[in-house]
Participant: 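The structure under discussion is supplied below as structure tokens; questions concerning it will follow.
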2 protein chains.
Amino acid sequence: MCIAGGMIQEIHGAGSRAAGAMAPASPGHEVSAREHLFFEGDVRDRIYIVESGWVKLYRTLIDGQRQVVGFANSGSVLGIESDMLHLNSCEAITDVVVRSIPASRLNGICKNDPALAEQILRQIGRQLGAAQAQLATIGAQSAEQKLATFLLSIAHLCEVSLDQEFDLPMRRGDMAEFLGLRLETVSRKMTEFQRRGWIKLTSLYHCRLLQRHVLEELAQGGEADSAQMLRTA
Amino acid sequence: MCIAGGMIQEIHGAGSRAAGAMAPASPGHEVSAREHLFFEGDVRDRIYIVESGWVKLYRTLIDGQRQVVGFANSGSVLGIESDMLHLNSCEAITDVVVRSIPASRLNGICKNDPALAEQILRQIGRQLGAAQAQLATIGAQSAEQKLATFLLSIAHLCEVSLDQEFDLPMRRGDMAEFLGLRLETVSRKMTEFQRRGWIKLTSLYHCRLLQRHVLEELAQGGEADSAQMLRTA
DNA sequence: CGCGCGGTTGATCAACCTCAACCCGCGTGG
DNA sequence: CCACGCGGGTTGAGGTTGATCAACCGCGCG
């Protein structure tokens with residue numbers, strides 16, 4: 001999952017309607033920020049498609065440590081990684097509209113609704129790729145690199161064409177749990193990025209990238225010291 | 001992906017044969033240890049199913065850092081996370097037998113071969129779940145916990161019923177790159193586990209769990225100090 | 001014999017964590 | 001109106017974990 005931009009715009013469109021007498025996809029359903037769509041361990045009776053807003057997916061370890069395994073926004077499919085029970089908890093971080101599909105419809109879906117099935121297959125493949133990318137980030141990068149990678153991903157997801165402002169809808173603690181850091185570390189690095197003129201936080205949840213190339217350099221393993229800043233500028 | 005135990009035993013069996021004039025799955029193909037099945041960036045013209053042996057999947061960051069995103073053995077499907085190009089490199093860590101399927105067969109697979117498609121869907125869902133679990137391990141656990149989790153996963157994958165010996169086919173460096181540690185750290189912790197009587201390394205690549213419950217405690221976030229060892233024994 | 005590869009061990013160091021104080025904006029209730 | 005508490009964030013001081021760098025071992029092999 002990770003930062004999984006969606007592809008499925010019309011998962012309940014003509015193709016799937018053709019399936020006939022199956023349980024239909026629900027109409028858009030509102031969920032407000034801080035509410036959960038489901039918890040780890042719940043029976044997975046439905047899968048969800050995000051229509052608008054942001055959710056986070058996370059797991060809780062026995063000792064209370066949490067790991068956010070992904071943020072998802074419009075177009076993402078939630079719950080396909082699970083079988084009988086949900087493996088992740090899913091909490092809305094903004095107000096959200098979701099559509100859901102009964103899990104029963106997944107049985108024999110390839111026969112009954114090949115168009116939908118193929119979309120789901122592509123979407124889950126994308127999520128797997130994103131999860132693996134996130135593994136690389138968490139496992140092999142420093143705190144600074146992680147944050148740079150993260151900001152670029154979010155900016156990309158928000159489809160920021162050039163360097164205008166974009167939403168950073170999650171709290172510092174969510175970012176930290178996603179990146180495998182402490183929120184203090186995230187906070188420090190954010191202010192550091194700002195002090196160096198790489199980003200500008202217009203509010204706590206609103207950000208602009210001033211030096212995208214420096215962040216890109218960093219994210220890919222560059223040094224990003226001041227000398228490099230000049231070179232690459 | 002991650003430590004992805006397989007489910008698909010007969011991916012080329014009767015169900016898929018029925019597809020008729022499609023390009024057939026290749027017969028078993030031998031690959032020896034250290035050879036690559038494919039590299040990151042290669043065009044993805046085939047997907048693979050592991051029949052025997054072990055492979056690792058990894059990504060290389062620009063600065064040469066590598067992250068192993070998964071180990072896979074018999075039954076795992078490789079390459080579905082990618083679209084046109086492979087996102088991971090795949091290297092055999094033991095001698096391996098793989099079967100492959102032309103990627104072209106994935107187009108319209110749900111219509112043409114629903115049985116195969118549904119198996120792949122389940123398998124990739126499992127891999128996504130495993131990748132998320134690995135995210136939690138790498139992101140939220142200490143070196144000791146990571147190693148404990150890892151040993152238990154491998155032992156589980158090798159289907160060790162009780163506490164007999166099992167294969168640990170990868171090198172220390174591979175474990176390190178999987179767990180987001182340095183190989184020196186892995187080495188130290190391994191000898192430490194042994195010194196504490198939790199495991200026994202009969203050879204570098206052969207291991208026995210002597211105190212599985214202690215490792216389980218550790219993996220789940222317990223303290224595993226000597227007091228606890230006695231309590232849980 | 002010498003070399004290279006994989007692994008182990010030791011000493012040092014820094015990145016990040018931990019704990020704690022503090023700030024700010026906001027809603028509530030006296 | 002102000003006091004208060006609370007949630008979320010920032011900042012600081014000091015400690016630990018795991019990285020780094022380097023030496024060394026054992027083994028297989030040309």
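Chain naming here is simple, since letters A, B, ... match the order of the sequence lines and numbering starts at 1 in each.
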Participant: Would you please name every residue forming a side chain to side chain donor-acceptor pair (under 3.5 Å) with B/His206, sequence neighbours left out?
Facilitator: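 Testing B/His206 for side chain to side chain donor-acceptor pair (under 3.5 Å), a comparison that skips the adjacent residues, returns B/Glu165, B/Asp167.
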Participant: Expressed as a whole number of angstroms, how long is the span from A/Leu147:CG to C/dA15:P?
Facilitator: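 It works out to 16 Å between those atoms.
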Participant: Can you list everything that forms a side-chain contact (heavy atoms from CB on, under 4.5 Å) with A/Asp95? Sequence neighbours excluded, please.
Facilitator: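 For A/Asp95, the residues satisfying side-chain contact (heavy atoms from CB on, under 4.5 Å) (neighbours in sequence not counted) are A/Ser32, A/Ala33.
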Participant: Using the side chain to side chain donor-acceptor pair (under 3.5 Å) criterion, which residues pair with A/Arg212? Sequence neighbours excluded.
Facilitator: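 Partners of A/Arg212 under the side chain to side chain donor-acceptor pair (under 3.5 Å) test: A/Asp163.
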Participant: Expressed as a whole number of angstroms, how long is the span from B/Leu179:CG to D/dT17:C1'?
Facilitator: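 After rounding, the gap between these two atoms is 16 Å.
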Participant: Does A/Ser203 have any side chain to side chain donor-acceptor pair (under 3.5 Å) partners at least two apart in sequence or in another chain, and if so, which?
Facilitator: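 Expected list: none.
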Participant: Measuring to OP1 and OP2 of D/dG8, would you say a side-chain N or O of A/Arg34 lies under 4.0 angstrom away?
Facilitator: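 It does, given that an N or O in the side chain of A/Arg34 lies less than 4.0 Å from OP1 or OP2 of D/dG8.
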Participant: Side-chain N or O of A/Arg171 less than 4.0 angstrom from OP1 or OP2 on D/dG8?
Facilitator: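 So the side chain of A/Arg171 is within the cut-off, an N or O lying under 4.0 Å from OP1 or OP2 of D/dG8.
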Participant: Does the side chain of A/Gln141 come under 3.5 Å of the side chain of A/Thr149 through a donor N or O and an acceptor N or O?
Facilitator: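 A/Thr149 and A/Gln141 do have a side-chain donor-acceptor pair below 3.5 Å.
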Participant: When you measure from every atom of DNA chain C, which of residues 199-210 of chain B have a heavy atom less than 4.0 Å away?
Facilitator: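 Those residues are B/Leu204, B/Tyr205.
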Participant: Would you mind reading off the bend of the helix from C/dC1-D/dG30 to C/dG30-D/dC1 from its two end axes, five pairs each, to 10 degrees?
Facilitator: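 The two end axes of the helix from C/dC1-D/dG30 to C/dG30-D/dC1 meet at 10°.
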Participant: Among residues at least two apart in sequence or on other chains, which ones pass side chain to side chain donor-acceptor pair (under 3.5 Å) with B/Arg44?
Facilitator: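 For B/Arg44 there are no side chain to side chain donor-acceptor pair (under 3.5 Å) partners, ignoring immediate neighbours.
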Participant: Taking CG from A/Leu168 and C1' from D/dG8, how many angstroms apart are they, rounded to a whole number?
Facilitator: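 That distance rounds to 14 Å.
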Participant: Side-chain donor-acceptor pairs under 3.5 Å in residues 169-186 of chain A, sequence neighbours left out?
Facilitator:
from, atom 1, to, atom 2, distance (Å)
A/Arg171, NH1, A/Asp174, OD2, 3.2
A/Arg172, NH1, A/Leu204, O, 3.3
A/Arg172, NH2, A/Leu204, O, 3.3
A/Asp174, OD1, A/Lys56, NZ, 2.7
A/Asp174, OD2, A/Arg171, N, 3.3
A/Glu177, OE2, A/Arg66, NE, 3.4
A/Glu177, OE2, A/Arg66, NH2, 3.2
A/Arg182, NH2, A/Gln65, OE1, 3.0

Participant: Considering residues at least two apart in sequence or located in another chain, which fulfil the ring-ring contact (aromatic ring centres under 6.0 Å, His included) criterion with B/His36?
Facilitator: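 Result, ring-ring contact (aromatic ring centres under 6.0 Å, His included) vs B/His36: B/Phe39, B/Tyr58.
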Participant: Return the value, rounded to whole Å, for the distance between atom CZ of A/Arg172 and atom P of D/dT11.
Facilitator: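 From A/Arg172 CZ to D/dT11 P: 11 Å.
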Participant: Rounded to whole Å, how long is the line connecting atom CE of A/Met170 with atom P of D/dG8?
Facilitator: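 Taking CE of A/Met170 and P of D/dG8, I get 15 Å after rounding.
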Participant: Taking atom types as modelled and ignoring hydrogens, do the side chains of B/Asn88 and A/Gln132 form a donor-acceptor contact shorter than 3.5 angstrom?
Facilitator: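 Present: a donor and an acceptor within the cut-off.
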Participant: Just jot down the side-chain contact (heavy atoms from CB on, under 4.5 Å) partners of B/Glu192, sequence neighbours excluded, or say none.
Facilitator: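 Scan of B/Glu192 (side-chain contact (heavy atoms from CB on, under 4.5 Å), adjacent residues dropped) gives B/Glu144, B/Lys189, B/Arg195, B/Arg196.
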Participant: Taking protein heavy atoms under 4.0 Å as touching, what does nucleotides 18-30 of chain D look like 5' to 3' if B marks base contact, S marks sugar-phosphate-only contact and - marks none?
Facilitator: SSBB---------
Participant: Rounded to the Å, how far apart are B/Lys146 NZ and D/dT17 P?
Facilitator: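 It works out to 14 Å between those atoms.
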Participant: Is the shortest side-chain heavy-atom distance between B/Leu215 and B/Ile199 below 4.5 Å?
Facilitator: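 Contact flag for B/Leu215/B/Ile199 side chains = yes.
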Participant: Counting only side-chain N and O atoms of A/Ser187, is one of them less than 4.0 Å from OP1 or OP2 of D/dT11?
Facilitator: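 No, A/Ser187 has no side-chain N/O under 4.0 Å of OP1/OP2 on D/dT11.
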Participant: Nearest whole Å is fine: how far is C/dG6 P from B/Ile93 CD1?
Facilitator: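 Taking atom P of C/dG6 as the reference, CD1 of B/Ile93 is at 13 Å.
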Participant: Between C/dT18 atom C1' and A/Leu183 atom CG, what is the distance in whole Å?
Facilitator: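 Answer to the nearest Å: 12 Å.
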